[in-house]
Amino acid sequence: MRLFDTLTRTERELRPIDSATFRFYCCGPTVYGPAHIGNFRTFVLQDVLRRTLETGGTRTLHVRNITDVDDKTIRDAQKAGQSLTEFTAGWTAKFHADCEKLGLLEPHIEPSAVAHIPQQIAMIEALIAKGHAYPSDDGSVYFKISSFPGYGKLSHLDKRELDLGKTQNTRANSDEYAKDSVSDFVLWKARRPEDGANFWSSPWGDGRPGWHLECSAMIQEYLGDSFDLHSGGVDLVFPHHENEIAQSTCACGGRFAAHWFHITHLLVDGGKMSKSLGNLYTLSDLEGRGFTPMEVRYVLIGGHYRKQLNFTLDSLHAAREALAKLAKSARNLATKTGSEFTLDSAAFGPFQTAWDSLNHDLNTPAALGGLFTGLRNASQLSGKDAAAALAGFNRLLRALGLTLPEENDRATEIPDSIRALAESRWQARLAKNWAQSDQIRAELATQGWLVKDTRDNYTLTPSP
RNA sequence: GGCGGAGUAGCCAAGUGGUAAGGCAAUGGUUUGCAAAACCGUCAUGCGUGGGUUCAAUUCCCACCUCCGCCUCCA
């Protein structure tokens, strides 16, 4: 498949460099609270990338870390009166539960930063030995940007700009005095009183690793010096990924990531999500409003990953209808396959266009469109052709990670009072007492239930 | 200020140098006691504004307007 690469700013073919396995790394969540749907846009798109590769027959090795030590985790663990381990374990579990609901494949390896402190210390030692890093008087260690000419290549910031941009910001931060240059970033942070019990010993004294270094060390551990792809949200391009490149290439000497895949941020109601605006949604928030995780996933893949996607609650309603329509069309197609289930795994039939879209810079919205047009075209088919089309449809669904709602998915317990009301309405209707029948239907509607008549029965569903 | 992205129907959103996918909503018909559901239709002479190149531009070029993101630990 072809995918845009942030570093070269071109679309390039994705191929495993070393072996038959496509090895890639995704920057995972910092576990200090529930992930929001913006976070999940990134993880869902990474999941679709992996699924598309696998559907195309490529084996993958997917590494995604858990950031379980940084300023925020330490601060909030203490606020919660928990140990760091206890605190981050809780949010990690929540993250995993959300991932499963959203249909995300588990990474093959999910390393945590805290579990790789020795590797991080070793990498700092290597950097110091090679003259790329220096300890400061307070026991912190910094990366020396001037020792790495390639710095700024990924984010296309030149060095002069980097320095200028910083000068204003650093004055306010008294911790910065120990740096040689304002651009230098921290590899090891010396222990501070507010860190409490959260510190590790190192050759430079007690402290903890810098955030950027965590990823570099875990990548080195599981993917080595050179691997196929590195991914994260756009906000990580600078400084996080820029710093990773600097650390890793200087310490390890490899080429690091062959390809950079960045997912653009999700907007909510046309702007940035923020708690103060009240538009920061977690998966649980949306479930609380009656939406399913699959509906959320559908919305998240409804825009191209390189464009900002505007998330609204209305889009979730649209997703619900769209998924129901897909499910119904698929069921109709299934009834036409007859007994000939010759599942041709190589062909996509009417869904070839959708598959091509996915392989052309992961165009998920075009692929979703292709799902509908494909189904429309497939509705003319029967027997073997229908079976082949259905197989193609299902492969595409797998690549997108979508599961369609079952017919009775939304059926919920109907309270006795509602059931009794509906029954009395049915009786009124049989007696052709339309006025009373309509009145009861309105009453049911105000109580949140929708009644639908069929030839000789009726159904009750919760109103959307 | 620097870097980057975007402006396509009521909303969301693809796409292309040759005349605009798809979804939601809306709406017409069939059906229904009336609805709902279902099925069959309709729904941008137009792609921010003004120029230019071209046989032809929404798609390329220039200018302008507007919006959004990033600029040290936020996916």
Side-chain angles (χ1 to χ4, degrees), chain A residues 6 9 26-30 32 35-46 67 70-72 152 155-158 160-162 164-166 168-170 173 176 182-186 189 210-215 231-240 242-243 262-267 270-274 298-299 302-304 306-312 314-326 328 332 353-354 357 360 363-376 429 432-435 437-438 441-442 445 450-455 458-459 461 463:
Chain A
T6 311
R9 305 205 176 182
C26 302
C27 288
T30 301
Y32 69 106
H36 54 69
I37 53 168
N39 296 312
F40 281 120
R41 181 190 193 188
T42 296
F43 299 131
V44 164
L45 263 300
Q46 291 164 345
T67 297
D70 79 324
D71 288 338
K72 294 188 295 286
S155 48
H156 295 237
L157 295 168
D158 71 38
R160 193 173 58 87
E161 188 55 43
L162 286 170
L164 285 174
K166 315 231 159 191
Q168 308 140 334
N169 290 336
T170 43
N173 187 343
E176 308 284 341
V182 285
S183 309
D184 291 351
F185 59 90
V186 71
K189 296 183 97 162
W211 175 49
H212 310 301
L213 186 75
E214 298 174 358
C215 286
S231 174
V234 269
D235 55 305
L236 299 185
V237 172
F238 184 85
H240 187 56
E242 198 71 73
N243 292 353
H262 289 106
I263 293 95
T264 300
H265 277 188
L266 185 73
L267 302 180
K272 191 183 177 177
M273 261 188 301
S274 77
Y298 187 95
V299 171
H304 188 90
R306 280 206 279 142
K307 271 177 79 171
Q308 289 171 337
L309 172 65
N310 188 19
F311 179 90
T312 61
D314 266 354
S315 63
L316 282 171
H317 282 111
R320 166 169 303 173
E321 297 306 321
L323 282 167
K325 185 171 177 177
L326 285 176
K328 185 151 36 128
N332 288 343
T353 310
S357 299
H360 185 191
N363 195 335
T364 49
L368 287 177
L371 237 36
F372 290 92
T373 18
L375 280 172
R376 192 173 305 135
R429 186 170 179 275
K432 297 200 190 301
N433 188 345
W434 310 128
S437 166
D438 290 353
R441 182 167 60 196
L450 204 62
V451 57
K452 296 176 190 172
D453 295 330
T454 57
R455 178 169 281 280
Y458 62 91
T459 60
T461 46
S463 315

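Here is the naming used below: chain letters follow the sequence lines, and residue numbers restart at 1 for every chain. Below, each value reflects all heavy atoms present in this structure, side chains not excepted, and no hydrogens, waters or symmetry copies.
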A/Val451 near the nucleic acid: base, sugar-phosphate alone, or nothing, with a heavy-atom cut-off under 4.0 Å? base
Mind checking if A/Ala366 touches a base, just sugar-phosphate, or nothing, with heavy atoms under 4.0 Å? base
Restricting both atoms to N or O, compile the protein contacts to nucleotides 5-12 of chain B shorter than 3.5 Å, with distance only.
none

Rounding to the closest angstrom, what is the interatomic distance between [N] and [M] at atom [atom1]?
| N | M | atom1 | value |
| --- | --- | --- | --- |
| B/rU54 | B/rG2 | C1' | 36 Å |
| B/rG10 | B/rC43 | C1' | 12 Å |
| B/rG22 | B/rG15 | C1' | 11 Å |
| B/rA63 | B/rA56 | P | 23 Å |
| B/rA20 | B/rA57 | C1' | 13 Å |
| B/rC47 | B/rA9 | C1' | 10 Å |
| B/rC61 | B/rU53 | P | 15 Å |
| B/rA26 | B/rG33 | P | 24 Å |

Encoded 5' to 3' (Watson-Crick or G-U under 3.5 Å; [ ] crossing; | other strand), RNA chain B becomes (((((((..(((.....[...))).(((((.......))))).....(((((..]....))))))))))))....
Does a side-chain N or O of [X] approach OP1 or OP2 of [N] to a distance below 4.0 Å, or not?
| X | N | result |
| --- | --- | --- |
| A/Lys328 | B/rC39 | yes |
| A/Lys325 | B/rG22 | no |
| A/Arg376 | B/rG23 | yes |
| A/Lys272 | B/rC68 | no |

When A/Asn332 and A/Cys27 are each assigned the nearest nucleotide of RNA chain B, the 5'-most assignment goes to A/Asn332
If I take atom CG in residue A/Asp235 and atom C1' in nucleotide B/rG69, what distance separates them, rounded to the nearest angstrom? 10 Å
Do any N or O atoms from the side chain of [X] and from the backbone of [Y] form a donor-acceptor pair under 3.5 angstrom?
| X | Y | value |
| --- | --- | --- |
| A/Glu242 | A/Gly152 | yes |
| A/Gln46 | A/Cys26 | no |
| A/Arg41 | A/Thr264 | yes |

[atom1]-[atom2] distance between [X] and [Y], expressed to the nearest 0.5 angstrom:
| X | Y | atom1 | atom2 | result |
| --- | --- | --- | --- | --- |
| A/Ser231 | A/Leu45 | OG | CG | 8.5 Å |
| A/Leu371 | A/Thr353 | CG | OG1 | 11.5 Å |
| A/Met273 | A/Phe311 | CE | CZ | 9.0 Å |

Would you tabulate the nitrogen or oxygen pairs shorter than 3.5 Å linking the protein to nucleotides 30-34 of chain B?
from   : atom 1 : to       : atom 2 : distance (Å)
B/rG33 : N1     : A/Asp438 : OD1    : 2.9
B/rG33 : N2     : A/Asp438 : OD2    : 2.6
B/rC34 : O2     : A/Arg441 : NH2    : 2.6
B/rC34 : N3     : A/Arg441 : NH1    : 3.1
B/rC34 : N3     : A/Arg441 : NH2    : 3.2

Given [options], identify the nucleotide with an atom nearest to the side chain of [X].
| X | options | result |
| --- | --- | --- |
| A/Phe238 | B/rC71, B/rA75, B/rG15 | B/rC71 |
| A/Trp211 | B/rA36, B/rC73, B/rA75 | B/rC73 |
| A/Pro365 | B/rA14, B/rC70, B/rA75 | B/rA14 |
| A/His156 | B/rC3, B/rA75, B/rG69 | B/rC3 |

Residues which pass ring pair (Phe, Tyr, Trp, His ring centres under 6.0 Å) with A/Tyr298, listed by chain and number, not counting sequence neighbours: none
Pairing residues for A/His304 by the ring pair (Phe, Tyr, Trp, His ring centres under 6.0 Å) criterion, not counting sequence neighbours: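 Listed in chain order: nothing, the list is empty.
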If the plane angle is over 60° it's perpendicular, under 30° parallel, otherwise tilted; pick one for A/His212 and A/His240. tilted
A/His265 ring over B/rG69 six-membered base ring, under 5.5 Å and 30°: no
Please list, chain by chain and in numerical order, all residues satisfying salt bridge (charged side-chain N to carboxylate O under 4.0 Å, His left out) with A/Asp70, sequence neighbours excluded. A/Lys72
